[in-house]
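Data block below; observations after.
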Amino acid sequence: MQVLKRPFALFCAVSFPAIAQAQAVAPVPSAAATPQDTPTTPAATPPDNSGIADIVVTATRREERLQNIPVTVTAIGGEALASSGVRDVRNLTQIIPAFNGGRNQNVMQPSIRGVGSAGNSTGDESNVAIYVDGIYQADPYSTQIDLVQVERVEVLRGPQGTVFGRNATGGLVNVITPDPSFTTSGRIAARYGRSREEANDVDVRGYVTGGLGKTVAADLAVLYRKSDGYISDLNTGGTLGAARTISLRSKLMFEPSDSAKIILTAAYVDSKDQVASQQPFRGNTAAAPFPGVIIADQPWEAALNGRGRSDYNRFDLSLRTQFDLGGVSLETTSAFMATRVNQFADSDASNILLGYTDMRVRPKTYSQEVRLLSTGVGRFKWILGAYAFRLTGEQPVFVYSATSPTAVPSQTLLEPKVTTTSFAGFAEGTYEIVDSLFFTGGVRYTTEKRTFEQSVNGTPLPFGTARRSFDKFTYRAALRYNFANHANVYASYGTGFKSGVFNTFGTSPIAVNPESIKASEIGLKVDPASWLRTNLSVYRYDYSDLQVTARSASNAFILQNAANAKIYGGELEVTVVPIHDLNLRASAVYTHAEYDKFPQAQVFIPRTTGGNIVSSADVSGKWMIRTPRYTFNLGGTYGVDIGKSRLTASANLFHSGKVYYDFLNSLVQASYTTLSGEIGWRLPGEKISFSLFVNNLTNAKVAQQISPGPLGTYIIYERPRRVGIGAEIRF
């Protein structure tokens with residue numbers, strides 16, 4: 001596709017309703033044109049290789065121009081992700097406005113505009129939904145997604161209560177991988193990086209695709225990544241934090257006719273990660289008074305009585321079909337996923353044995369979705385769908401806790417079993433009331449049933465099987481007016497819903513209440529010139545019954561409802577292509593997020609001798625966790641031809657205000673700035689290229705997580721500065 005040669009595609013424009021390298025399409029001819037009548041093939045790159053391309057996304061479950069939909073969406077292409085140093089979904093924090101890719105041990109806990117969950121138990125799904133090729137990744141451990149061969153990533157901000165719907169109260173991330181091609185092609189890319197303590201990183205990614213006949217094509221994407229430890233082990237010497245990942249993903253596509261497409265996908269991931277290598281935050285550990293204690297007090301240090309680990313593997317199988325029935329398209333997705341996790345973590349973050357958790361996670365999920373979409377030309381476009389989902393899971397966890405190295409420890413084995421069964425129906429339509437004025441309305445009805453069983457030290461609890469059902473209507477309405485060519489203003493109102501959840505780390509047969517959100521938003525999307533794109537959005541959320549997680553006095557997790565929160569803010573993004581082959585982008589975000597009412601929050605007060613007193617307090621008016629007040633991003637790419645070769649340079653700067661990690665706002669990550677960059681050299685023929693890259697050039701000390709508990713408070717840092725080289729061969 002010629003558009004991939006554009007400098008815009010290399011870094012993909014701004015990250016807001018427009019930063020993208022996806023399919024470029026012909027410019028909208030007039031303000032009165034019907035935006036849903038989107039061409040299915042991209043237009044050729046303009047001869048002068050300048051200007052900002054239009055983007056086609058599937059954020060509304062149909063192909064539409066990004067600048068025309070009344071939704072705040074960011075779409076980023078694969079080339080842009082690679083040049084930005086983004087290798088997995090969590091790293092999107094650096095380039096997606098208002099997105100935070102939080103992590104707790106081996107569980108990704110994303111949040112968007114302050115809306116996100118901290119649950120890490122089976123069945124407690126994130127309220128920022130993660131999709132791969134439109135398929136929901138339900139289990140919280142299944143959202144660790146490496147971006148091996150990606151066409152683009154779309155991030156939708158705000159509740160998606162209609163066409164996506166399930167648990168997407170904060171928004172969603174949809175990773176879109178390319179379908180197989182009948183033309184044989186491929187690439188092999190390798191990177192070698194190095195950080196502190198001589199920690200070496202090796203990353204090899206390969207992709208090949210081609211036809212197996214006139215109607216069948218296939219592809220294969222492979223990843224092997226190995227990272228040495230980068231955390232100094234003060235207890236036994238050497239390093240901690242090593243990781244190894246193997247990923248395989250293959251698609252088989254059958255196109256019996258121009259009106260039918262069937263795609264079977266299989267994927268397997270196996271990962272071993274010492275991510276649970278924490279240190280006491282500000283030296284706070286209950287082990288502090290005991291002889292022989294070693295307390296790590298510098299970033300990227302640890303002294304543990306056992307190596308933290310998160311061993312993880314997942315198998316996915318899915319079937320997607322698409323049939324053109326003449327004026328209507330029938331689409332289906334069927335999916336199965338099985339995940340296995342073995343995780344060990346030191347609870348007091350010291351070399352003294354006071355506490356640890358040893359956990360096994362065994363979820364399986366099944367889903368089926370059917371959609372009917374109108375495809376004809378006219379003022380009214382619609383979509384109808386039905387969705388079914390089933391999750392079964394076990395999560396045995398062993399919790400060890402002691403007041404001193406010689407005290408009799410508390411040892412508890414929990415063996416929970418959970419199921420979730422959900423059905424939903426949805427409909428959404430867009431009608432052009434008069435020329436250039438569009439109204440969108442949608443509704444979704446969801447019914448869910450959850451069950452929970454628990455055993456303690458081998459004895460089933462007397463309540464047997466706890467059951468709870470939840471039903472909810474969610475809806476959305478939006479009005480958009482194209483007031484000029486390449487310029488529109490929109491206003492929307494929508495709702496979102498996440499059902500109640502049982503706490504698998506506890507013994508209560510009572511589920512927490514569902515959480516819900518009401519969201520208002522006004523947006524402005526304007527391309528004043530072919531070289532300039534600006535997008536502005538302001539919003540307000542009323543967020544009720546937030547589901548939050550903390551530690552209990554026994555060191556187990558508890559799950560509770562915070563009452564209400566008020567969130568409002570704004571986001572501005574600008575893309576500029578001032579001269580040939582130079583792309584610049586910027587984004588700025590302001591988020592006001594506080595607990596409007598939270599009278600019985602679980603809080604942690606440091607003891608003078610180490611560890612925390614676990615108590616409760618009214619934290620109404622406190623700032624919401626993992627939500628910086630402001631962030632901004634600056635980036636750009638420049639390319640120049642030197643003879644028949646091409647030199648490119650890209651850089652990305654991200655700045656975040658301070659981030660709180662507890663309800664009292666006493667545990668804080670100070671504001672920080674990260675800078676990443678890459679210089680690339682593509683040889684004549686465009687098949688071989690080399691690169692130099694650096695991640696976290698400023699060597700910023702950034703918390704991946706800060707977690708309080710009765711045995712202390714621990715912190716895990718993101719990786720330090722990493723410098724490396726890369727090479728790629730395309731064929």
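We count residues from 1, following the sequence as given.
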Can you tell me if Asn127 uses its side chain to pair, donor with acceptor, with the backbone of Ser117 under 3.5 Å? yes
Minimum heavy-atom separation for Arg282 and Val668, please, with both atom names. NH2-CG1, 3.7 Å
Are the side chain of Asn457 and the backbone of Leu413 linked by a donor-acceptor contact shorter than 3.5 Å? yes
What is the minimum heavy-atom distance between Ile130 and Pro110, and which atoms define it? CD1-CG, 4.4 Å
From Leu304 atom CG to Leu353 atom CG, the distance as rounded to the nearest 0.5 Å: 11.5 Å
Considering non-hydrogen atoms only, spot the tightest contact between Thr93 and Gly101 and give its length. OG1-N, 2.7 Å
Decide yes or no for Ser247 and Tyr268: does some side-chain heavy atom of the first lie under 4.5 Å from some side-chain heavy atom of the second? no
Decide yes or no for Asp316 and Gln137: does some side-chain heavy atom of the first lie under 4.5 Å from some side-chain heavy atom of the second? yes
Tell me, do Phe604 and Val614 make a side-chain contact under 4.5 Å, heavy atoms counted? yes
Do the side chains of Gln454 and Pro460 get nearer than 4.5 Å, heavy atoms only? no
Evaluation steps, side chain to side chain contact (heavy atoms under 4.5 Å, CB included), between Phe344 and Arg307: CA-CA 8 Å; Phe344 176 89; Arg307 287 178 176 261; over 6 Å; no
Identify the two heavy atoms, one from Leu240 and one from Ala302, that lie closest to each other, and give their separation to 0.1 Å. CD1-CB, 3.8 Å
Just checking Lys566: does its NZ atom have more than 12 heavy atoms from other residues, nucleotides or ligands closer to it than 6.0 angstrom? yes
If we count only N and O atoms by modelled type, under 3.5 Å, do the side chains of Ser111 and Arg626 hold a donor and an acceptor together? no
Under a 3.5 Å cutoff, is there a donor and acceptor pairing between the side chains of Tyr366 and Lys364? no
More than 12 non-hydrogen atoms from neighbouring residues, nucleotides or ligands closer than 6.0 Å to CZ on Arg340, yes or no? no
Report yes or no: is the cationic atom of Arg551 (NZ for Lys, CZ for Arg) closer than 6.0 Å to the six-membered ring centre of Phe557, at no more than 45° off its axis? yes
Would Asp124 and Lys498 satisfy salt bridge (Lys or Arg N to Asp or Glu O under 4.0 Å), going step by step from the backbone distance to the final call? CA-CA 10 Å; Asp124 189 0; Lys498 179 188 176 186; 2.8 Å; yes
Side chains of Tyr387 and Gln368: do they bring a donor and an acceptor to under 3.5 Å? no
Heavy-atom check, side chain of Tyr312 versus side chain of Val269, under 4.5 Å: yes
List the steps, then state whether side chain to side chain contact (heavy atoms under 4.5 Å, CB included) holds for Thr239 with Asp233. CA-CA 5 Å; Thr239 59; Asp233 187 346; 5.9 Å; no
Checking side-chain polar atoms at under 3.5 Å, does Ser499 have a donor or acceptor matched by the opposite partner on Glu448? yes
Indicate the ring-plane relationship of Phe452 and Phe502, choosing parallel, tilted or perpendicular according to the 30° and 60° boundaries. parallel
Any donor-acceptor pair under 3.5 Å linking the side chain of Asp618 with the backbone of Ser620? yes
Locate the shortest heavy-atom distance separating Thr674 from Ala700; write the atom from each residue and the value. CG2-CB, 4.1 Å
Would you say the side chains of Ser232 and Glu301 form a donor-acceptor pair under 3.5 Å? no
Let me know which of Val202, Asp311, Asp270, Asp273 forms a side chain to side chain contact (heavy atoms under 4.5 Å, CB included) with Arg244. Asp270
Judged by atom type as modelled, is there a donor-acceptor pair below 3.5 Å linking the side chain of Asn351 to the main-chain atoms of Gly292? yes
In sequence, state the C-alpha distance, the side-chain angles, and the governing distance for Tyr543 and Glu515, and then conclude on side-chain hydrogen bond (donor to acceptor under 3.5 Å, both in side chains). CA-CA 8 Å; Tyr543 194 12; Glu515 64 176 36; 2.9 Å; yes
Report the C-alpha separation of Thr627 and Tyr660 in whole Å, then their side-chain angles, then the decisive distance to 0.1 Å, and conclude whether the side chain to side chain contact (heavy atoms under 4.5 Å, CB included) test is met. CA-CA 7 Å; Thr627 308; Tyr660 296 111; over 6 Å; no
Parallel, tilted or perpendicular, as decided by the 30° and 60° cut-offs, for the rings of Tyr400 and Phe398: tilted
For Lys701 and Tyr717, run side chain to side chain contact (heavy atoms under 4.5 Å, CB included): C-alpha distance rounded to whole Å, both residues' side-chain angles, the deciding distance at 0.1 Å, then the answer. CA-CA 7 Å; Lys701 285 72 174 176; Tyr717 287 96; 4.0 Å; yes
Can a donor-acceptor pair be found, under 3.5 Å and without considering hydrogens, that links the side chain of Glu594 to the backbone of Trp623? no
Is any side-chain heavy atom of Thr504 less than 4.5 Å from a side-chain heavy atom of Val418? yes
Pairwise side-chain contact, Arg225 with Asp201, heavy-atom cut-off 4.5 Å (strictly under): no
Distance only, no hydrogens: is a donor on one side chain within 3.5 Å (strictly under) of an acceptor on the other, for Thr474 and Arg444? no
Passes side-chain hydrogen bond (donor to acceptor under 3.5 Å, both in side chains), Ser422 versus Arg166? Steps please. CA-CA 9 Å; Ser422 179; Arg166 178 165 178 77; 3.3 Å; yes
Taking the side chain from Glu394 and the backbone from Val361, do they hold a donor-acceptor pair closer than 3.5 Å? no
Salt bridge or not for Glu453 and Arg467, using N-O below 4.0 Å? no
Would you tell me whether Ser195 and Arg719 have side-chain atoms, one donor and one acceptor, within less than 3.5 Å of each other? no
Under a 3.5 Å threshold, yes or no: a donor from one side chain and an acceptor from the other, between Asn284 and Asn612? yes
Gln560 side-chain N/O to Gln600 backbone N/O, donor-acceptor pair under 3.5 Å: yes
Is it true that Gln279 and Asp297 share a donor-acceptor pair across their side chains at a distance under 3.5 Å? no
For Phe470, ring pair (Phe, Tyr, Trp, His ring centres under 6.0 Å) partners two or more places apart: none
Side chains of Tyr136 and Glu125: donor-acceptor distance under 3.5 Å anywhere? yes
I'd like to know if the side chain of Asn235 pairs up with that of Asn305 as donor and acceptor (distance under 3.5 Å, no hydrogens or angles considered). no
Any side-chain donor-acceptor pair under 3.5 Å between Ser121 and Asn503? no
Is it true that the side chains of Asp471 and Thr447 contain a donor and an acceptor less than 3.5 Å apart? yes
With a distance cut-off below 6.0 Å to the six-membered ring centre and an angular limit of 45° from the axis, does Arg113 pair with Tyr541 as a cation-pi contact? no
Hey, mind stepping through Thr465 and Thr451 against side-chain hydrogen bond (donor to acceptor under 3.5 Å, both in side chains) and telling me if it holds? CA-CA 6 Å; Thr465 302; Thr451 69; over 6 Å; no
Arg468 versus Ala511, closest heavy-atom pair with distance: NH1-O, 3.8 Å
Taking the side chain as C-beta and beyond, is there a heavy-atom pair between Asn513 and Gln547 under 4.5 Å? no
Decide whether Lys658 and Gln669 meet the rule of one side-chain donor and one side-chain acceptor closer than 3.5 Å. no
Counting N and O atoms only, with roles assigned by atom type, does the side chain of Thr285 sit under 3.5 Å from a partner on the main chain of Ala287, one being a donor and the other an acceptor? yes
